[in-house]
J.: 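Got a structure for you, written out below as structure tokens; questions coming shortly.
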Amino acid sequence: MALSRLTSRSNGISRPLSTAFGRFISTDTTPITIETSLPFTAHLCDPPSRSVESSTQELLDFFRTMALMRRMEIAADSLYKAKLIRGFCHLYDGQEAVAIGMEAVITKKDAIITAYRDHCIFLGRGGSLYEVFAELMGRQDGCSKGKGGSMHFYKKDSSFYGGHGIVGAQVPLGCGIAFAQKYVKEEAVTFAMYGDGAANQGQLFEALNISALWDLPSILVCENNHYGMGTAEWRAAKSPSYYKRGDYVPGLKVDGMDAFAVKQACKFAKEHALKNGPIILEMDTYRYHGHSMSDPGSTYRTRDEISGVRQERDPIERIKKLVLSHDLATEKELKDMEKEIRKEVDDAIAKAKDCSMPEPSELFTNVYVKGFGTKSFGADRKEVKAALP
Amino acid sequence: MAARIHGGAGAGAATALSTFNPKKLVAPSRTNLPAARSSKRYIVAAAGSDASKKSLRVGHSQKLIANAAVATKADTSATTGTGHELLLFEALQEGLEEEMDRDPHVCVMGEDVGHYGGSYKVTKGLADKFGDLRVLDTPICENAFTGMGIGAAMTGLRPVIEGMNMGFLLLAFNQISNNCGMLHYTSGGQFTIPVVIRGPGGVGRQLGAEHSQRLESYFQSIPGIQMVACSTPYNAKGLMKAAIRSENPVILFEHVLLYNLKEKIPDEEYICNLEEAEMVRPGEHITILTYSRMRYHVMQAAKTLVNKGYDPEVIDIRSLKPFDLYMIGNSVKKTHRVLIVEECMRTGGIGASLTAAINENFHDYLDAPVMCLSSQDVPTPYAGTLEEWTVVQPAQIVTAVEQLCQ
């Protein structure tokens with residue numbers, strides 16, 4: 001889709017480089033091999049190779065989806081400041097490579113479960129921008145009918161299990177999902193994602209112990225953005241090598257700002273988990289925003305640090321450089337793509353703003369499965385006790 | 001408006017009858033009593049004086065399966081008809097085994113449930129029959145394995161999570177409250193959590209403070225879960241099966257002292273309705289609401305009360321969340337006096353909530369304030385005599401009834 005737009009715009013643009021590549025790359029899946037920026041560091045396993053198999057289409061897809069995610073998060077920032085999004089809003093910009101790289105190698109049968117920084121992962125799993133913004137603004141067309149909020153995005157048909165507010169609690173859930181996958185003999189894995197702050201939770205180690213004992217296909221992904229809210233990792237963890245913390249469980253440290261490194265690591269991890277049980281992936285990544293919208297993000301780190309990472313390690317810039325160097329599109333085309341994405345996001349926001357708030361009766365639905373909750377019965381089970389406004 | 005009370009024969013009953021004036025039951029302040037009430041009094045059957053553990057069900061629920069099996073229950077002790085005798089923990093095991101046979105998605109996880117057979121033998125023999133993947137011995141990490149059970153339930157499995165003692169589930173409170181109870185709601189209905197969390201709790205056996213907890217008071221506020229308490233082998237098996245079949249997360253409270261109760265239960269399959277209370281003994285004068293072990297203290301007190309000429313109606317509420325206000329309400333409308341006997345602590349227990357619910361809904365039907373007898377607000381001591389006095393004793397129940405029926 002993005003590619004066809006590229007081709008339509010290309011006529012008449014003069015390009016300084018060779019025209020060996022035709023402009024009809026919409027169906028071109030020319031394989032490309034990309035070297036990851038850094039080697040992998042492994043614990044108790046052999047690290048995968050640095051050469052990642054990819055294709056031109058994938059490269060452009062990566063760019064487009066990451067740009068979409070980035071734009072979505074920035075838009076959410078503005079909406080929060082405009083008080084259309086309330087409560088908590090944890091933004092993922094800077095960490096997009098993790099979501100993208102993971103999605104590239106897994107199917108919809110593989111499960112992902114994560115904590116509250118879930119907007120982009122939801123998008124990666126097939127969620128629509130409209131559902132995201134509607135849920136963020138508490139409208140009824142949101143993915144959780146407006147009843148979950150920013151921290152509770154779920155998509156059952158794509159095996160996306162959320163969306164959890166309590167730090168660390170999603171990891172035992174993830175191992176349980178892996179257990180179920182093993183139980184029904186699906187050849188699928190579960191990626192249980194958590195942050196460097198959550199890595200100190202006891203239940204993580206408990207779940208890891210059980211996963212290793214029972215050989216569950218669970219992959220624990222630590223998105224190490226180096227700050228647990230305001231506490232730097234060296235102040236919270238005696239051993240900040242999160243990939244080694246599994247002790248008897250193999251681990252891999254990955255440059256989380258490099259989508260291809262993430263892709264390679266996840267591919268390796270999936271193969272490993274299906275054969276040998278759990279593995280830990282530590283994604284060395286960074287978030288540009290603060291922990292949430294109420295955190296400026298600059299009281300515990302310098303602005304220089306943030307801009308430094310943005311200049312040197314930004315995942316979208318990296319993909320952009322690769323696209324340009326492989327001659328898949330020009331600067332202008334990428335800029336146009338970004339403009340389109342901006343428009344797409346703005347349209348989704350406008351549509352979500354038009355959506356209505358949930359009905360008052362929705363307060364009582366889905367509390368119990370039996371439909372216990374649409375009316376509150378009185379003592380006779382016939383008279384309606386609670387008259388809803 | 002004749003209310004004939006059939007008490008025990010003899011002088012004792014006569015003196016009780018003479019002091020017992022039905023007119024005194026009507027409190028002077030109640031003015032707006034519905035007229036229909038007076039026409040509903042009926043004669044108490046003689047069988048009511050036999051304060052045994054027979055449970056006569058008032059089968060008004062359409063959802064109850066095998067109502068017929070229930071109705072014959074009253075006769076089973078008389079006839080040697082269909083039915084087999086077993087202990088409560090065996091009834092739980094039978095229910096669990098039948099459900100595991102019926103649905104391959106049902107699995108059990110907990111500490112020592114597999115090879116060891118369960119610390120209270122509820123899962124004995126299941127590991128041999130179903131294998132290690134369906135009866136899972138977990139390490140000692142309640143938070144994690146409860147979370148894992150809930151995660152597995154999100155995908156469609158139906159785990160039965162055992163807390164070796166209910167008190168240990170406090171370690172898993174976060175998982176039970178946030179993930180188990182609320183996921184169905186926060187996901188907008190996408191995920192159901194058909195999990196059963198069960199385990200023994202309650203005071204008895206001098207286990208000390210930490211092993212004698214009554215978690216029903218802590219869990220009762222969690223939205224999205226159902227809580228039931230079993231008290232006889234019959235309802236233990238029935239509730240276990242219903243809980244496993246339910247799409248909602250259900251917490252099944254068992255009691256350490258009740259595992260060796262013996263009763264004859266039907267051979268054919270039956271389930272008990274999760275939201276229904278059980279009529280243990282119909283009566284006229286006062287409604288006594290109770291559950292789990294306190295049911296037996298109440299029935300013991302009922303014997304004494306009947307000898308003294310009272311006619312208590314004893315209801316085992318069974319469903320701790322939500323309350324069966326229908327049956328309770330009908331009973332209150334009949335007797336106009338309520339005594340709640342529970343094992344939770346005074347503060348914030350099931351009895352406290354039930355008192356509030358009854359006052360709110362049935363205020364007009366009450367002739368006296370709702371009285372609630374609960375355990376003392378103390379950690380359960382080890383010494384036997386002290387432990388006895390933390391919980392409600394039958395003598396206290398008798399006194400309370402006499403006080404209420406003044």
Side-chain angles (χ1 to χ4, degrees), chain A residues 111 113 135 142-149 151-157 159 161-166 169-184 190 192 202-211 213-214 216 365-370 372-373 377-381 385, chain B residues 104-105 107 109 132-134 136-157 159 172 174-175 178-179 181-194 223-226 246-248 275 322 325-326 328-330 332-333 357-358 360-362:
Chain A
I113 190 169
E135 183 64 33
C143 52
S144 302
K145 299 190 190 159
K147 297 201 280 198
M151 299 189 287
H152 298 284
F153 282 20
Y154 303 90
K155 197 162 166 63
K156 184 170 187 184
D157 48 17
S159 306
Y161 289 88
H164 295 274
I166 303 294
Q170 74 276 12
V171 178
L173 286 183
C175 293
I177 298 168
F179 168 70
Q181 286 171 331
K182 181 170 179 167
Y183 192 96
V184 299
T190 304
Q203 49 190 326
L204 227 101
F205 297 96
E206 295 176 8
L208 204 56
N209 180 33
I210 301 188
S211 303
L213 261 179
W214 294 350
L216 301 181
T365 55
N366 299 131
V367 179
Y368 292 108
V369 176
K370 261 195 317 212
F372 225 87
F377 285 109
D380 275 327
R381 281 191 194 155
K385 184 93 177 152
Chain B
H105 288 102
C107 55
M109 40 174 84
D132 277 342
L133 198 60
R134 288 189 74 187
L136 301 142
D137 277 326
T138 62
I140 306 177
C141 44
E142 281 76 11
N143 199 353
F145 72 71
T146 311
M148 283 180 71
I150 294 167
M154 280 168 95
T155 64
L157 289 195
N174 172 54
Q175 297 289 354
N178 292 327
N179 294 330
M182 300 194 198
L183 262 172
H184 186 61
Y185 190 84
T186 54
S187 66
Q190 285 180 68
F191 294 109
T192 57
I193 320 285
I225 57 164
Q226 283 188 250
S246 165
E247 291 297 320
N248 290 309
E275 295 95 16
L325 288 177
Y326 184 67
I328 293 172
N330 283 342
V332 174
K333 287 176 191 173
I358 293 174
E360 233 171 60
N361 287 300
F362 308 118

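Values reported hereafter were calculated over all heavy atoms of this structure, with side chains retained and with hydrogens, waters and symmetry mates removed. Throughout, a chain's letter reflects where its sequence line sits, starting with A, and its residues are numbered from 1.
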J.: Who wins among B/V332, B/I328, B/N179 for the most heavy-atom pairs under 4.5 Å with chain A?
T.: B/N179
J.: Under a 3.5 Å distance rule, please check whether A/E206 uses its side chain to pair with a backbone N or O of B/F145 as donor and acceptor.
T.: no
J.: When rounded to the nearest 0.5 angstrom, what is the spacing between CG in A/L173 and OG1 in B/T146?
T.: 10.5 Å
J.: Any side-chain heavy atom of B/L183 sitting closer than 4.5 Å to one from A/H164?
T.: yes
J.: Got a sec, which residues hit side chain to side chain donor-acceptor pair (under 3.5 Å) with B/D137, two or more places apart in sequence or on another chain?
T.: none
J.: Closest approach of B/N174 and A/A169, non-hydrogen atoms and distance?
T.: ND2-CB, 3.3 Å
J.: Please state whether the side chain, the backbone, both or neither of B/M182 comes within less than 4.5 Å of a heavy atom of chain A.
T.: neither
J.: Measure the spacing between CD of B/Q190 and NZ of A/K145 and express it to the nearest 0.5 Å.
T.: 8.5 Å
J.: Can you name the closest pair of heavy atoms from A/P172 and B/A144 and give their distance?
T.: CB-O, 3.5 Å
J.: Side chain, backbone, both or neither: which part of B/I150 has an atom under 4.5 Å from a heavy atom of chain A?
T.: both
J.: Contact part of A/V171 toward chain B, heavy-atom cut-off under 4.5 Å: side chain, backbone, both or neither?
T.: neither
J.: I'd like to check B/L136 versus A/F179 (side-chain heavy atoms, cut-off strictly below 4.5 Å). Are they in contact?
T.: yes
J.: Indicate the atoms forming the closest heavy-atom contact of B/T155 with A/Y161, along with that distance.
T.: CG2-OH, 3.2 Å
J.: In Å, rounded to the nearest 0.5 Å, how long is the span from NE2 of B/H184 to OG1 of A/T365?
T.: 8.0 Å
J.: Please identify, among A/Q181, A/E135, A/K147, A/M151, the residue contributing the most non-hydrogen atom pairs under 4.5 Å to chain B.
T.: A/K147
J.: Got a second to check how far A/W214's CH2 is from B/L133's CG, nearest 0.5 Å?
T.: 8.5 Å
J.: Tell me every residue that passes side-chain contact (heavy atoms from CB on, under 4.5 Å) with B/P139, counting only those two or more places apart in sequence or in another chain.
T.: A/N209, A/I210, A/L213, B/C141
J.: Taking all atoms of both residues into account, what is the closest heavy-atom pair of B/P104 and A/Y183, and its distance?
T.: O-OH, 2.7 Å
J.: With only heavy atoms counted, which part of A/L204 is less than 4.5 Å from chain B, the side chain, the backbone, both or neither?
T.: neither
J.: Count the heavy-atom pairs under 4.5 Å between each of A/T190, A/D157, A/I177 and chain B, then report the option with the highest count.
T.: A/I177
J.: Hey, could you give me the CD/CE distance between A/Q203 and B/M148, rounded to the nearest 0.5 Å?
T.: 12.0 Å
J.: Could you state the interatomic distance from CD1 (A/I166) to CG (B/N178), rounded to the nearest 0.5 Å?
T.: 4.5 Å
